[in-house]
Amino acid sequence: MAERKIIDVMEGKSISPPPIWVMRQAGRYLPEYRELRKSAKSFLDFCYTPSMAVEATMQPIRRYDFDAAILFSDILVMPDALGRDVHFVTGEGPRMTPLAEGDVDRLTTENVLPHLAPVFETVSTLRNNLPEKTTLLGFCGAPWTVATYMIAGRGTNDQAPSRLFMYKQPQELAKLLDILADASAEYLIAQLDAGADAVKIFDSWSGVLDEFSFEMNCIAPVRRIVDKVRAARPGAKIIAFPKGAGHFYRGYREKTGVDMIALDWTIPLSFAAELQKEGPVQGNLDPLRVVAGKSSIVEGVDRIMDALASGPFVFNLGHGITPDGNPDDMDYLVRYVRGENAS
Ligand code: CP3
């Protein structure tokens, strides 16, 4: 197999300059994405149409030659596959009917892999089309983060509906997280079998929990996924992104068993360097620096590289690039990280 730098980093290697990819690298900041998006009936149709999902995944690779391609899909295909009525309202975000009494028992767990078959076709087509050197990443949402959308029926700022659900109906939440973890493990295994080189677990809402709840609802379900995936596919490479976890990043890699942790931009670089002594890290430029322009990119990249580039490190943003990100400044960022003397 050709050298895939991100896999090497996940095995503990330090590479200079570090490999780079960007969360949400396929998306609305790219004019060619916005054009492609127009021909989809809905966002979910887009995700389930392999020709379109392949094209969206390839767009940022052609433009920037990122070291990883990430499957174009969404974490909320999982509740869709489990029978919830997921849809995306343009300009607003995801919507579904909030879970009511008894709904957890009615989730259609037997239908998950057949429902998601188009995703596996996308992954295998991508692995055949991508340059050999490009790492292909599959992904899923972490159980807690996916549960927050299922419980509230939409995104909220503080996940109050889900935290209340957690305190009032802990057994129901535990059941839901187990179902999501088991289905997600099957889903990731199928992505790996279809050709993904590594998979990433997005826990975008892990930052709203107290210590005990974090252990129970973020650490344990991710550990359950990792154990199931590794039992079936020993050596599977796994990244996790517990966004906003702050102090709880300490020990996260060891407790969950993932190979690499993705850091959000609020993590102090001295702390990031400490975490890196325990294993590979990925991150963590504030995405708004790619909106603000070149001087803020240079300032942010220099500091991150000083702190992390000598160890096992993948350059990334600390969260997804926003729709107002500047495609030319993204190009500048990639070249600057690669030391290609961007002008
Ligand atoms: O390029 C990539 O990163 C691959 C594709 C990808 C998308 N979503 C496409 C998308 C990935 C990896 C995701 C993950 C995802 N989806 C997460 C975890 C990462 C994170 O950003 O925190 C979450 C929480 C979601 C749920 C989700 N999907 C929300 C809240 C929204 C609406 C807000 C928004 O950013 O638009 C989406 C929609 C979505 N997912 C879009 C894209 C490109 C925009 C929809 C469109 O084009 O109409």
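For reference, positions follow the sequence shown, starting with 1. For ligands, and for the atoms within them, numbers begin at 1 and follow the listed sequence.
Contacts with ligand 1 closer than 4.0 Å are made by no heavy atom of Pro323, backbone or side chain. Here Thr90 has no heavy atoms under 4.0 Å from ligand 1, in either its backbone or its side chain.
Among all protein heavy atoms, the one lying closest to atom 43 (C) of ligand 1 is Tyr33 OH, 3.3 Å. Looking at atom 9 (C) of ligand 1, its nearest protein heavy atom turns out to be Ser73 O, 3.3 Å. The protein heavy-atom contact nearest to atom 29 (C) of ligand 1 is Pro94 CD, 3.7 Å. In terms of protein heavy-atom proximity, atom 4 (C) of ligand 1 is nearest to Leu71 O, 3.5 Å. Closest to atom 12 (C) of ligand 1, if we only count protein heavy atoms, is Phe139 CZ, 3.5 Å. Protein heavy atom in closest approach to atom 38 (C) of ligand 1: Phe88 CE2, 3.6 Å. Of all protein heavy atoms, the one closest to atom 14 (C) of ligand 1 is Ile75 CG2, 3.8 Å. The nearest protein atom to atom 24 (C) of ligand 1, hydrogens excluded, is given as Tyr149 OH, 3.4 Å; this is a heavy-atom distance.
An N or O contact shorter than 3.5 Å links Asp74 to ligand 1 by distance. Any N or O atom pair closer than 3.5 Å counts here, and Ile70 shares no such pair with ligand 1.
Within the set Arg37, Glu92, Arg24, Met23, the minimum heavy-atom distance to atom 46 (C) of ligand 1 is found for Arg37. Residue Arg28 holds the heavy atom nearest to atom 36 (O) of ligand 1 of all those in Arg154, Gln25, Arg28, Lys243.
The local environment of CD in Glu110 is crowded, with over 12 non-hydrogen atoms from other residues, nucleotides or ligands closer than 6.0 Å.
Using a 4.5 Å heavy-atom threshold, the side chains of Pro323 and Tyr29 count as separate.
Side-chain atoms of Asp197 and Thr135 form no donor-acceptor pair, as typed in the model, at a separation below 3.5 Å.
Annotation: Phe72 is in aromatic contact with Tyr33 [ring centroid separation under 6.0 Å]. Between Tyr336 and Phe315, the distance from one ring center to the other does not fall under 6.0 angstrom.
Using bins of under 30°, 30° to 60° and over 60° for the plane-to-plane angle, the ring pair Tyr48/His115 lands in the perpendicular bin.
The pair Arg106-Asp103 counts as a salt bridge, with a side-chain nitrogen and a carboxylate oxygen less than 4.0 angstrom apart.
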